[in-house]
A.B. asks: 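This is the structure I have questions about; it appears just below.
Numbering of ligands and ligand atoms starts at 1, following listing order. Excluded from the calculations below are hydrogen atoms, water molecules and symmetry mates; all remaining heavy atoms, backbone and side chain alike, are included. For the single chain, residues carry numbers from 1 onward in sequence order.
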Amino acid sequence: DSYPPPCSSNVYCYGELLHTVQMKKIYHDSKTFVDMKMKQPPNETLESFQALMKRTTSDPTIEELENFLSEKFEPAGSEFEKWDPSDWIKHPKFLDDIVDTDFREWGKQLNDLWKFLGRKMKDEVGEHQELYSIIYVPHPVIVPGGLGEHQELYSIIYVPHPVIVPGGRFREFYYWDSYWIIRGLLLSEMYTTVKGMLGNFFSIVENYGCIPNGGRIYYAKRSQPPMLLPMMKSYLDATNDITFLRDNIDILEREFDYWMTNHTISVEKDGKRYTLARYKDASSGPRPESYWEDVSSAEEAFRTDEEREAYYSELKAAAESGWDFSSRWFIQNATNKGTLIDLKTRYIIPVDLNSILFWNARLLVDFYTRLNITEKSDKYRSIADEWLEAVTAVLWHDEVGAWLDYDSMNEVKRDYFYPTNVAPLWTGCYKDKETQVGKIMKYLQKTQIMGNLGGIPTTLEHSGEQWDYPNAWPPLQYIMIMGLDNTDDDWAKQLAFEMTERWVRSNYKAFNETGAMYEKYDATVPGGHGGGGEYEIQVGFGWTNGVIMELLHKYGDRLTARDRFTEPDSRPNYQSDSRINVAAAAPTSSVKHILTGFVALLVTFVAGYIG
Ligand SMILES: OC[C@H]1O[C@H](O[C@H]2O[C@H](CO)[C@@H](O)[C@H](O)[C@H]2O)[C@H](O)[C@@H](O)[C@@H]1O
């Protein structure tokens, strides 16, 4: 298949200008250029660029390009204006249930952070947005109103309501991040903000047919883990706003449909065929926001255009998974060894995606039941049942005691530890809860993952990629903790609490030492932040804050800031769970982490103010 570029803009998504600016590495972070607003319509910007190329025989110096860029573009983030959320309150009720006073104060500071992470678009963004700019046309067309008047000056996707963003270089909404952000906002009682964010997503599904990876046109041809329905469920649980559900149920159904029609493949297991989903992207070319990284690695490793295109597709499919990048998507001789050039994301059937899709179907049953539309609730019940059959047949392994990703290229299970191996416990995607939980607990014991004192690592592979060892990510801690806690098993629930203690204390230590909340942490160093991958560690940080707020809320009656590993517990008969706990003494966080933290924090706040 030959796909169009990631969007129709020949400034932001493909073309000579993008290629020249990105390959000359004018900006340290490739995302900077594609987030900059044009001062003039694209045709005028491109005309000036052509003139520069002619003047310099197609080889402008860095200085000439820098001059061109500062003359024709505004700095990244200039589409936003200051926004004070009207529903923000100083002391949301959830704080009152946190018994530890240090943690209560921290929860209060996290509530304050929403004000730094809120973004509202200037009205002019909506006026200049061409809604269908993502639909690629090979040649310019005359749009109603004449060329120039309605041309895209921005890469931002216009949304009518303000959003809470992850932070740092992530200046726009991100699809799956928004789930944990919304859960935090609901604890902060910011119901209007949440309703606005959901309203934004609904308008995007209506106009674009799916929710892009993030709020930029260059993300439009790939999505991220399908969390819109769980977001709606969270909002409904907090508000019972049935009218909002009734008004938008068709859109929720459409989002589910997008995954069912665009991402499914058929797999044969023991002579039976099953339908399951995997990640994929529908565009050609490198990621515009990581253009230099993709083109350079492709040129070094591959000789033909066809090979390079296949590689770009794997990179974008991995970005759609939210795990960009990870050895989880490498296939080399049917193993997880290799490097980025071994990415085969499209051939791997992931446990988390498929258990989330099961959850989506079950939520549609729930939503239609609430609306008394029996025909539809029956329809989604049978889809959910079928999906559960498929997940169990293809992804559950009795002999391992876990769900595992499936390699459809080599038709083998991928027997590697990932926190997502227990995602079905989180989404309720299991058949025989008691037996499966018992086996899962033994599996976790065998992996010795609690030997990591800063949190649960993403994988056990040291690849240098950011979704690998030793990084620990907030959504993955959440999936494991909530999954284990959902069971009726005492041992599993106790383990969920111990994981919570470690995670919360590690985030708290980092916050105390550096004043920052990070996008990811170091599983091996309590209080240490993560690293690796293709961009610098970011602070802010939307999903991190949301996860901590929820854990402080859920376990607030017994969580303490004091660390049991360094100060003995005074509770009678209390013992850490030695069946899974094989922890060594806790190393202290390094000076390097502290310094990086200060620099990162400074950069975020400066960027926030500029934005
Ligand atoms: O610019 C590189 C990549 O950055 C994003 O991915 C990371 O940040 C996101 C926002 O927090 C998060 O959702 C994702 O899981 C992270 O890996 C972006 O989503 C990628 O598409 C992009 O190529």
A.B. asks: Which part of Glu519 is near ligand 1, with near meaning a heavy atom under 4.0 Å away: side chain, backbone, both or neither?
C.D. replies: neither
A.B. asks: Specify side chain, backbone, both or neither for Tyr175, according to which of its non-hydrogen atoms lie closer than 4.0 Å to ligand 1.
C.D. replies: neither
A.B. asks: Considering Glu172, Glu289, Glu534, Lys316 one by one, which has a heavy atom nearer to atom 23 (O) of ligand 1 than any of the others?
C.D. replies: Glu289
A.B. asks: Within a distance under 4.0 Å of any heavy atom of Tyr174, pick out the atoms of ligand 1 and give their elements.
C.D. replies: 9 (C), 10 (C), 18 (C), 19 (O)
A.B. asks: Quick one: look at Trp323 and ligand 1, take heavy-atom pairs under 4.0 Å, and tell me if it's side chain, backbone, both or neither.
C.D. replies: neither
A.B. asks: Can you name the one residue among Thr458, Asp468, Asp405 that meets side-chain hydrogen bond (donor to acceptor under 3.5 Å, both in side chains) with Arg328?
C.D. replies: Asp405
A.B. asks: Check each of Asn213, Asp324, Leu315 against atom 16 (C) of ligand 1 and report the one with the nearest heavy atom.
C.D. replies: Asp324
A.B. asks: Which residue, Lys316, Arg171, Arg222, forms the salt bridge (charged side-chain N to carboxylate O under 4.0 Å, His left out) with Glu289?
C.D. replies: Arg222
A.B. asks: Would you mind telling me if ligand 1 is within reach of the side chain of Phe541, the backbone, both or neither, using heavy atoms under 4.0 Å?
C.D. replies: side chain
A.B. asks: Give me the residue, atom name and distance of the protein heavy atom closest to atom 13 (O) of ligand 1.
C.D. replies: Asp177 OD1, 2.6 Å
A.B. asks: Under 4.0 Å from ligand 1, counting heavy atoms only, is it the side chain of Gln538, its backbone, both or neither?
C.D. replies: neither
A.B. asks: Parallel, tilted or perpendicular for Phe33 and Tyr12, by the 30°/60° rule?
C.D. replies: tilted
A.B. asks: What protein heavy atom sits nearest atom 8 (O) of ligand 1, and how far off is it?
C.D. replies: Phe170 CZ, 3.2 Å
A.B. asks: For the pair Trp473 (side chain) and Ile456 (backbone), establish whether a donor and an acceptor sit closer than 3.5 Å, ignoring hydrogens and angles.
C.D. replies: no
A.B. asks: Measure from NZ or CZ of Lys344 to the centre of the six-membered ring of Trp329, then state whether that distance is under 6.0 Å and the direction lies within 45° of the axis.
C.D. replies: no
A.B. asks: Between Trp473, Trp543, Tyr535, which one has a non-hydrogen atom sitting closest to atom 7 (C) of ligand 1?
C.D. replies: Tyr535
